[in-house]
Amino acid sequence: MDTTKFQAITNFIWSVADDLLRDIYVKGKYRDVILPMTIIRRLDCVLAPTKEKVLKTYNAYKDKIDVLDSLLGGEQGSGMGFYNHSRFSLESLLADPKNIRANFQNYLNGFSKNIADIIIKFKFRNQLDTLEDANILFGVIERFCSPKINLSMESILDANGNVIHQGLSNLGMGYVFEELIRRFNEENNEEAGEHFTPREIIQLMTHLVFLPVKSQIKQGTFLVYDNACGSGGMLTEAKEFITDSQGAIKSQAKIYLYGQEINPETYAICKADMLIKGEDPDNIKYGSTLSDDKFENLTFDFMLTNPPYGKSWEKDQKALGVEKKNAKTECKDPRFQVGITSKSDGQMMFLLNMIAKMKKDTPLGSRIASVHNGSSLFNSDSGQVAIRKHIIENDYLEAIVALPTNMFYNTGIPTFVWIITNKKPKHKKGKVQLINATSDKYYTKMKKSLGSKQNEMTKAHIDKITDLFLDFNSAKEAPTQDCVILDNEDFGYTKILIEKPKSIEALQDDEKFLKLKDKDKILEKLKSLENTPRDFKDRKDFFTFLGVKLKKTEENLLIDSDKTNNTEKIPLKNDIQSYYDTEVKPFVPKSWIAWESASVGYEILFNKYFYTYTPPRSLGEIDKDLQSLEKEVQSLLSEILK
């Protein structure tokens with residue numbers, strides 16, 4: 001969709017802040033007024049056609065029935081699941097400037113509870129005193145009711161039936177919301193992309209999640225979940241992609257959307273958007289997904305998310321009672337029994353949350369698309385290692401797509417889309433597809449950057465990546481520079497510790513060693529190895545050679561077992577002993593494998609499979625540059641000495 005046609009609306013709303021709030025609020029606080037007013041005006045426009053019907057029903061039953069929600073939000077009222085029973089509309093408020101504050105409060109009080117929750121999360125009522133004291137409340141309402149913009153779904157016509165302003169679709173309203181948020185965050189030097197994802201990335205994710213199973217979702221009922229839903233873009237795009245009558249699937253299935261969001265303002269925007277689009281607003285929950293799961297007993301058919309990465313989840317750890325026991329980090333929450341990542345980065349915990357919500361007893365199972373940075377691919381954090389191992393050994397990982405850099409508003413770092421399913425088709429079992437979509441074949445430069453976002457994908461780019469993904473068998477038979485198919489085991493390794501005796505010099509400088517009663521005998525034995533080298537099968541063999549009996553702690557004084565320098569990762573497909581004999585032992589004599597240290601892990605190194613060699617510059621080119629720089633320096637010195 002061409003988002004530029006919504007810029008006029010966004011620019012007009014932005015001008016309200018510049019024109020009316022500048023001397024009253026600091027820039028970082030403009031959003032506290034503009035965002036809730038944008039939503040209130042949108043709701044006001046959407047409810048306008050049924051306003052009289054709602055008032056009639058309200059006046060007829062207000063003294064007879066205590067709870068009127070089903071009536072006023074149902075067929076006898078707005079028919080939208082939300083309503084406003086105040087006699088005022090935003091436009092009618094302007095007829096009585098002197099009582100604007102009292103009447104506006106009456107108007108706000110007329111909203112149904114689901115709308116009231118949105119207003120509360122925005123803390124909008126806190127702004128009314130400031131707006132009234134500055135004598136701009138009337139002006140703000142007046143500007144939002146301006147005929148220069150149309151926030152209604154219906155087009156505005158002139159007397160001759162010509163369109164003055166086109167109606168604003170739900171999707172268009174979503175773009176307006178997102179652009180306003182991005183601008184305000186950018187002005188406030190915040191992370192503009194923290195709460196929503198660029199639309200083309202979402203579209204790519206929907207292609208990868210839904211197209212492989214499109215024949216299975218033509219009919220039926222399916223639940224779609226986003227555990228870090230932001231303003232709801234992934235949810236609404238997912239449903240639109242499945243049900244679009246002109247789209248690739250054309251499904252007639254019933255699609256129900258569920259999401260959870262921790263930011264109150266963004267939650268409010270998402271919930272308002274769902275209300276407007278006829279979705280159940282109660283399916284959007286407020287709170288932390290990690291420590292306060294609002295969908296504890298639900299499983300979902302599809303899950304799409306862009307969780308926060310590189311962000312601390314220390315508060316959640318405390319709330320969950322995460323603690324270390326016997327050098328292992330544990331948590332009682334059943335979702336997180338696989339592993340606990342460090343408190344500095346909780347992105348993989350969002351992935352575990354979704355894996356815990358996969359359906360196991362349906363033919364389709366569950367399909368997941370999740371955006372992550374490179375850390376999730378190879379970070380050695382014990383929690384992340386355990387989660388990767390769980391995913392790959394259970395054959396959940398279907399594909400990972402490396403995205404171009406500078407695709408997101410708040411970061412230019414490399415990002416990756418993980419595709420996960422617990423019901424792989426037979427031809428994909430035991431396999432993982434890697435797609436490298438980082439070259440300029442898969443993006444174009446934007447004419448104007450938006451935050452860190454300098455690149456964008458067109459429909460053609462998305463289709464290219466999707467074709468690579470769907471053409472699995474061709475990639476399996478003939479890998480390309482952009483797509484390879486690998487066995488699960490190709491990502492695995494056995495990590496082992498290589499032990500060896502400490503040097504005599506190191507032991508002679510060790511006060512604890514020098515206190516051992518057998519120190520002289522040990523040193524004598526070690527010196528004999530200099531003249532008669534010997535191999536050791538293991539630690540036991542080494543101490544048998546020494547001929548001394550030591551406690552475990554005393555044994556450790558003699559062993560060089562530095563985990564940083566003496567650890568080897570041996571590919572799972574390699575025999576450990578053979579690898580050690582050829583790749584380690586020749587370079588580390590008198591060493592042995594500490595077999596009890598062996599542990600299996602997995603890492604996904606894109607550069608290993610898609611590395612492109614860039615030859616260094618020739619000496620002639622370098623020399624030419626140096627000569628040029630020398631001339632430039634001489635010229636500058638001449639200017640200075642004149």
Side-chain angles (χ1 to χ4, degrees), residues 201 203-217 241 248-249 302 363-372 374 376-378 388-389 391-404 414-443 457-493 569-575 579 600-614:
I201 301 300
Q203 288 163 4
L204 173 63
M205 293 167 73
T206 59
H207 282 60
L208 303 180
V209 167
F210 299 117
L211 287 182
V213 294
K214 66 177 183 179
S215 63
Q216 297 173 260
I217 58 175
F241 184 74
I249 300 177
F302 300 102
L364 181 66
S366 295
R367 292 182 62 78
I368 296 170
S370 185
V371 180
H372 294 272
S376 295
L377 299 176
F378 50 76
R388 282 196 300 270
K389 180 179 180 181
I391 291 170
I392 294 175
E393 290 190 346
N394 281 282
D395 204 18
Y396 292 157
L397 185 59
E398 182 174 357
I400 297 180
V401 179
L403 300 174
T415 50
F416 304 80
V417 177
W418 291 51
I419 303 298
I420 287 174
T421 177
N422 59 347
K423 292 291 176 75
K424 274 189 186 178
K426 287 184 179 179
H427 68 287
K428 290 189 176 185
K429 286 189 178 296
K431 305 289 182 182
V432 175
Q433 185 175 11
L434 298 185
I435 297 175
N436 180 30
T438 60
S439 73
D440 57 10
K441 289 186 291 185
Y442 302 106
Y443 70 89
M457 287 181 178
T458 64
K459 181 181 183 301
H461 296 134
I462 293 171
D463 289 343
K464 279 184 184 179
I465 299 170
T466 304
D467 289 344
L468 281 176
F469 176 66
L470 295 177
D471 199 5
F472 181 90
N473 289 329
S474 295
K476 185 178 177 182
E477 296 298 324
T480 69
Q481 61 180 349
D482 295 336
C483 182
V484 296
I485 308 296
L486 298 161
D487 295 333
N488 288 346
E489 291 79 10
D490 287 325
F491 305 110
Y493 59 82
K569 288 182 177 179
I570 302 173
L572 275 186
K573 289 185 174 181
N574 288 42
D575 177 74
Y579 182 96
V600 173
Y602 294 80
E603 58 188 5
I604 303 160
L605 307 174
F606 263 72
N607 285 343
K608 180 179 178 180
Y609 307 105
F610 299 108
Y611 175 72
T612 302
Y613 174 71
T614 303

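Given the structure is predicted, the values throughout are model-derived calculations rather than measurements.
Between the Q433 side chain and the K428 main chain, no donor and acceptor come within less than 3.5 Å of each other.
Shortest non-hydrogen contact noted between V417 and M205 is CG1-CG, 4.0 Å. Annotation for Y442 and M457: closest pair O-CG, 3.3 Å, computed over non-hydrogen atoms. Contact between Y443 and T438 at its shortest, heavy atoms only, is CE2-O, 3.4 Å. Across N422 and S366, no two heavy atoms sit closer than the pair OD1-N, 2.8 Å. Listed here is the closest heavy atom pair of Y493 and Y602: CE2-N, 3.5 Å. Closest approach of A475 to C483, counting heavy atoms only: CB-SG, 3.5 Å.
For the pair K569 and Y579, the cation-pi test (distance below 6.0 Å, angle within 45°) is failed.
Taking CD1 from I420 and OH from Y396, the interatomic distance works out to 10.0 Å, rounded to the nearest 0.5 Å. The distance from atom CG of L211 to atom OG1 of T206, rounded to the nearest 0.5 Å, is 7.5 Å. Annotation: the span from L605 atom CG to L434 atom CG amounts to 10.0 Å, rounded to 0.5 Å. One finds the NZ atom of K608 at 7.5 Å from the CG atom of D490 (value rounded to the nearest 0.5 Å). Between atom CZ of residue F469 and atom CD1 of residue I435 there is a gap of 6.5 Å, rounded to the nearest 0.5 Å. Note: H372 NE2 to L377 CG = 9.0 Å, rounded to the nearest 0.5 Å.
Using a 4.5 Å heavy-atom cutoff, the side chains of P212 and L470 are in contact. Contact check for N436 versus Y609: no side-chain heavy atoms found under the 4.5 Å cut-off.
Looking at T480 and D482, their side chains never bring a donor and an acceptor atom within 3.5 Å of each other.
Of the candidates I604, N488, I419, L397 forms a side-chain contact (heavy atoms from CB on, under 4.5 Å) with just one, namely I604. Across I391, V401, L208, a single residue satisfies side-chain contact (heavy atoms from CB on, under 4.5 Å) together with W418, and that is I391.
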Checklist entry - Does the side-chain contact (heavy atoms from CB on, under 4.5 Å) test come out yes or no for K431 and F472, once each step is laid out? => result CA-CA 10 Å; K431 305 289 182 182; F472 181 90; 3.9 Å; yes

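Evaluation of the ring-ring contact (aromatic ring centres under 6.0 Å, His included) rule for F416 yields F606 as partners, not counting sequence neighbours. Not counting sequence neighbours, the partners of T421 by the side chain to side chain contact (heavy atoms under 4.5 Å, CB included) test are R367, E398, K423, K424.
The aromatic rings of H207 and F241 lie tilted to each other, with the angle between the two planes from 30° to 60°.
For residues 460-471, the pairs satisfying side-chain hydrogen bond (donor to acceptor under 3.5 Å, both in side chains) are T458-H461, K459-D463, D471-S474, with sequence neighbours left out.
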